[in-house]
Protein chains: 2
Amino acid sequence: MVSLAEVAKRAGVGTGTASRALSGRGSVDEATRQRVLVAAEELRYRGNAAARALRERRSRMVGLLLPDLDNEFYTAAAEVLQSEVAAAGYQLIVAQTSTRLGDERRAWESMLRSGVDGVVHVPVDPSAPVPTELPVVQLNRRSDDGEIPAVLTNDAEGVEQLTRLVLEAGHRDIALLVGSLEYSTSRERLEGFRRAIRAAGIREVPIVDPPPGARARVVHADLSIEAGIAAFALLEGDAPTAVLALNSRLLLGVLASCQRRGLRVPEDVSIAGMGDPVWYAVWSPAITTFSPPLAEMGRRAGREILALIEHGDDRDAMTPPVRLAGELIIRDSIVSR
Amino acid sequence: MVSLAEVAKRAGVGTGTASRALSGRGSVDEATRQRVLVAAEELRYRGNAAARALRERRSRMVGLLLPDLDNEFYTAAAEVLQSEVAAAGYQLIVAQTSTRLGDERRAWESMLRSGVDGVVHVPVDPSAPVPTELPVVQLNRRSDDGEIPAVLTNDAEGVEQLTRLVLEAGHRDIALLVGSLEYSTSRERLEGFRRAIRAAGIREVPIVDPPPGARARVVHADLSIEAGIAAFALLEGDAPTAVLALNSRLLLGVLASCQRRGLRVPEDVSIAGMGDPVWYAVWSPAITTFSPPLAEMGRRAGREILALIEHGDDRDAMTPPVRLAGELIIRDSIVSR
DNA sequence: TTGAAAGCGCTACCAG
DNA sequence: CTGGTAGCGCTTTCAA
């Protein structure tokens with residue numbers, strides 16, 4: 001590894017001058033600067049990130065803490081986030097929180113040890129404390145601690161709209177498949193759902209022995225195909241005419257269940273989704289869905305964390321959370337009754 | 001940030017002893033070690049990664065250079081790779097190569113500047129030189145430079161099997177949709193395809209004005225839905241009875257095209273895919289596909305890069321490339337003629 | 001077993 | 001404008 005001292009020697013200057021010439025900070029005679037630049041070029045000088053980080057007390061690295069790298073919902077945001085921070089000269093360090101239980105704490109620890117300047121965080125356990133010693137921006141979901149800056153979408157309104165769409169199509173026997181209430185997103189989505197059904201005068205009924213008639217059932221499930229199948233099985237023999245499955249894997253589970261039982265979509269069961277993985281639009285029927293602006297959210301989270309890092313703690317400028325509106329995409333999976 | 005010196009002071013020892021107590025290297029009296037451990041705990045000592053990296057001349061960071069974070073094909077491997085290196089105490093730094101042209105070079109530069117100890121690389125431009133100053137393991141594809149260790153799947157055999165499946169179903173008018181020949185994967189897949197059709201006595205014909213009869217057509221396309229639609233359009237009016245679309249987005253494009261033109265799958269057009277995104281199994285018809293062991297590949301790439309980093313340059317031990325066999329998953333999208 | 005001290009490569013300060 | 005130098009926090013000799 002070629003060091004600054006070697007560049008300086010070759011250019012016939014001191015390390016201080018070489019440093020200033022390369023960084024552009026402080027004044028250097030133009031001729032001298034050129035000599036240094038040439039020497040650096042010839043030696044293929046790249047600098048030593050660790051030394052710089054040690055001296056400057058900042059690493060120019062941003063951490064991304066997410067539940068799961070293999071999830072189009074997060075990676076759609078991560079892609080843009082990476083570009084955003086890279087454009088500002090930062091590296092992105094990625095760690096996953098939920099491969100095993102207790103991993104969120106562990107992931108935070110290793111993030112902190114790595115010396116990142118700030119972290120973009122998709123929380124899993126909303127009650128877990130979030131480190132206060134460095135800038136943090138939460139993405140998509142938020143912790144119970146409402147003081148942390150966050151970039152979210154309008155989950156409640158989105159699901160409310162989606163539900164209204166179903167109601168307006170004449171459905172009166174509706175099921176909602178949603179994640180654990182632990183998540184702020186699930187709570188907000190449920191809230192949106194309830195607003196819509198209440199406004200339509202429909203009551204929420206228990207899953208076991210539900211009374212007949214106009215009704216809404218809510219099932220909480222893990223976000224997997226299997227959980228979607230299991231959740232739909234709970235409605236067994238008394239299937240709703242419309243299902244809102246607020247996660248692509250849950251939705252896939254519902255789709256699989258319908259196939260197995262010979263229920264046609266959307267003729268027998270209308271379906272609405274959340275997010276917009278590429279296959280939604282091509283499925284037959286194409287899936288009607290509420291789609292958060294994931295790319296925009298990733299970009300915004302990147303900008304916010306960079307701003308927090310570079311302009312220090314004007315976090316007041318950002319709380320309360322940024323809400324970026326999602327899009328209601330009406331396709332063919334909801335049919336009128 | 002609490003430093004080692006502070007821990008040492010609190011424990012009443014020198015920094016050297018504190019360092020040895022914490023790292024476990026070198027001998028320390030058990031009682032002293034306990035004092036240090038307690039002091040570190042009380043002070044919530046985390047250490048300074050930059051200082052350690054500077055001193056030890058290694059950062060305990062691994063880079064991952066991939067075309068695109070928003071692609072289930074890579075992220076399926078990335079997820080496992082991240083866990084693997086994290087378990088060994090390494091951080092994963094991610095950079096994307098193909099958001100804009102020339103980005104691969106740029107991404108490499110910033111990787112190198114960041115001081116990672118090694119890089120797992122999914123090459124985009126196979127002719128671009130790969131840095132030799134640090135360990136590199138290529139994943140899924142390889143550069144023209146055959147000396148670089150790589151973790152691949154058996155693309156050629158896989159596609160050959162897939163093609164045979166189609167042939168055995170009686171198809172004699174087949175199209176292959178595959179990526180640019182630039183990619184080693186595409187070349188290998190094409191080779192597998194050709195082996196199979198040759199063995200069956202079927203000739204490859206040009207896309208424009210193809211002669212009728214038993215024939216195979218090959219279309220190269222970008223890996224997007226739109227490109228899939230465009231590629232299928234090239235076969236316009238003279239559609240094959242079976243299509244191998246060797247990428248999930250290309251396949252989605254074919255599916256979309258078939259829908260628009262009222263072609264039924266698989267009755268009118270049989271389809272075979274590559275990879276295994278979650279929706280393949282639930283689609284109707286469920287997609288028959290050749291699925292590389294992405295998780296296993298990610299794990300292996302992680303192990304190889306760690307081995308290269310920690311046991312130095314016994315790269316000879318690994319070249320030639322590791323091939324992990326994929327799985328032929330027979331479902332319902334290919335029908336007999 | 002232990003403490004003192006050198007030095008990793010860099011930036012920023014200070015004197016010239 | 002420039003070179004010398006201190007010092008960021010750590011690990012690793014080296015003597016004691």
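In the text below, chain A, chain B and the rest are named by the order of the sequence lines, each starting its count at 1.
Pairs passing the ring-ring contact (aromatic ring centres under 6.0 Å, His included) check and including a residue from residues 118-152 of chain A, sequence neighbours excluded, read A:Trp108-A:His121.
Distance A:Arg58 CZ to D:dC8 C1': 15 Å, rounded to the nearest Å. The nearest whole Å value for the distance from the CZ atom in B:Arg25 to the P atom in D:dT13 is 11 Å. Rounded to an integer number of Å, the gap from CG of B:Leu54 to P of D:dC8 is 13 Å. Rounded to an integer number of Å, the gap from CZ of B:Arg20 to P of D:dT13 is 11 Å. Atom P of nucleotide D:dC8 and atom CG of B:Leu4 are separated by 13 Å, given to the nearest angstrom. Going from atom CG of A:Asn48 over to atom P of D:dC10 covers 16 Å, rounded to whole Å.
For CG of B:Asp222, the number of neighbouring non-hydrogen atoms (other residues, nucleotides, ligands) closer than 6.0 Å is 12 at most. The number of heavy atoms from other shown groups lying within 6.0 Å of CD (A:Glu30) is above 12.
In terms of position along DNA chain C, the nucleotide closest to B:Val13 lies nearer the 5' end than the nucleotide closest to the other residue of the pair B:Val13 and B:Glu56.
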Taking N or O atoms only and anything under 3.5 Å, show me the protein contacts with nucleotides 5-7 of chain D, one pair per line.
residue	atom	partner	partner atom	Å
D:dG7	N2	A:Arg55	NH1	3.1

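Within the 4.0 Å cut-off from OP1 or OP2 of D:dG9, at least one side-chain nitrogen or oxygen of A:Arg57 is found. Here B:Ser19 does not reach the OP1 or OP2 of D:dC10: none of its side-chain N or O atoms lies under 4.0 Å away.
The residue A:Gly26 sits apart from the nucleic acid: no heavy atom pair falls under 4.0 Å. Within 4.0 Å (heavy atoms only), A:Gly115 reaches no atom of the nucleic acid at all. In this structure, B:Ser3 reaches the sugar-phosphate backbone alone: every heavy-atom distance under 4.0 Å involves primed, P, OP1 or OP2 atoms, never a base.
Between the side chains of B:Asp117 and B:Ser59, a donor-acceptor pair is found at a separation under 3.5 Å. Looking only at atom types and distance, the side chain of B:Ser127 has a donor-acceptor partner in the side chain of B:Asp125 under 3.5 Å away.
The two residues B:Ala40 and B:Leu22 have their closest heavy-atom pair at CB-CD1, 4.2 Å. Annotation for B:Arg20 and B:Arg33: closest pair O-NH2, 4.1 Å, computed over non-hydrogen atoms. Counting all heavy atoms, side chain and backbone alike, B:Val116 lies closest to B:Met111 at CG2-O, 3.7 Å.
The outermost nucleotides of DNA chain C lying under 4.0 Å from heavy atoms of chain B, listed 5' to 3', are C:dT1 to C:dG9.
Note that the CG atom of B:Asp70 and the CG atom of A:Leu294 stand 8.5 Å from one another [nearest 0.5 Å].
For the helix from C:dT1-D:dA16 to C:dG16-D:dC1, the axis fitted to the five pairs at one end and the axis fitted to the five pairs at the other end meet at an angle of 50° (nearest 10 degrees).
Residues satisfying the side chain to side chain donor-acceptor pair (under 3.5 Å) test with B:Arg10, not counting sequence neighbours, are B:Glu42. For A:Arg299, the side chain to side chain donor-acceptor pair (under 3.5 Å) partners two or more places apart in sequence, or in a different chain, are A:Glu296.
With A:Gln138 contributing its side chain and A:Ser143 its backbone, the two residues share a donor-acceptor pair below 3.5 Å.
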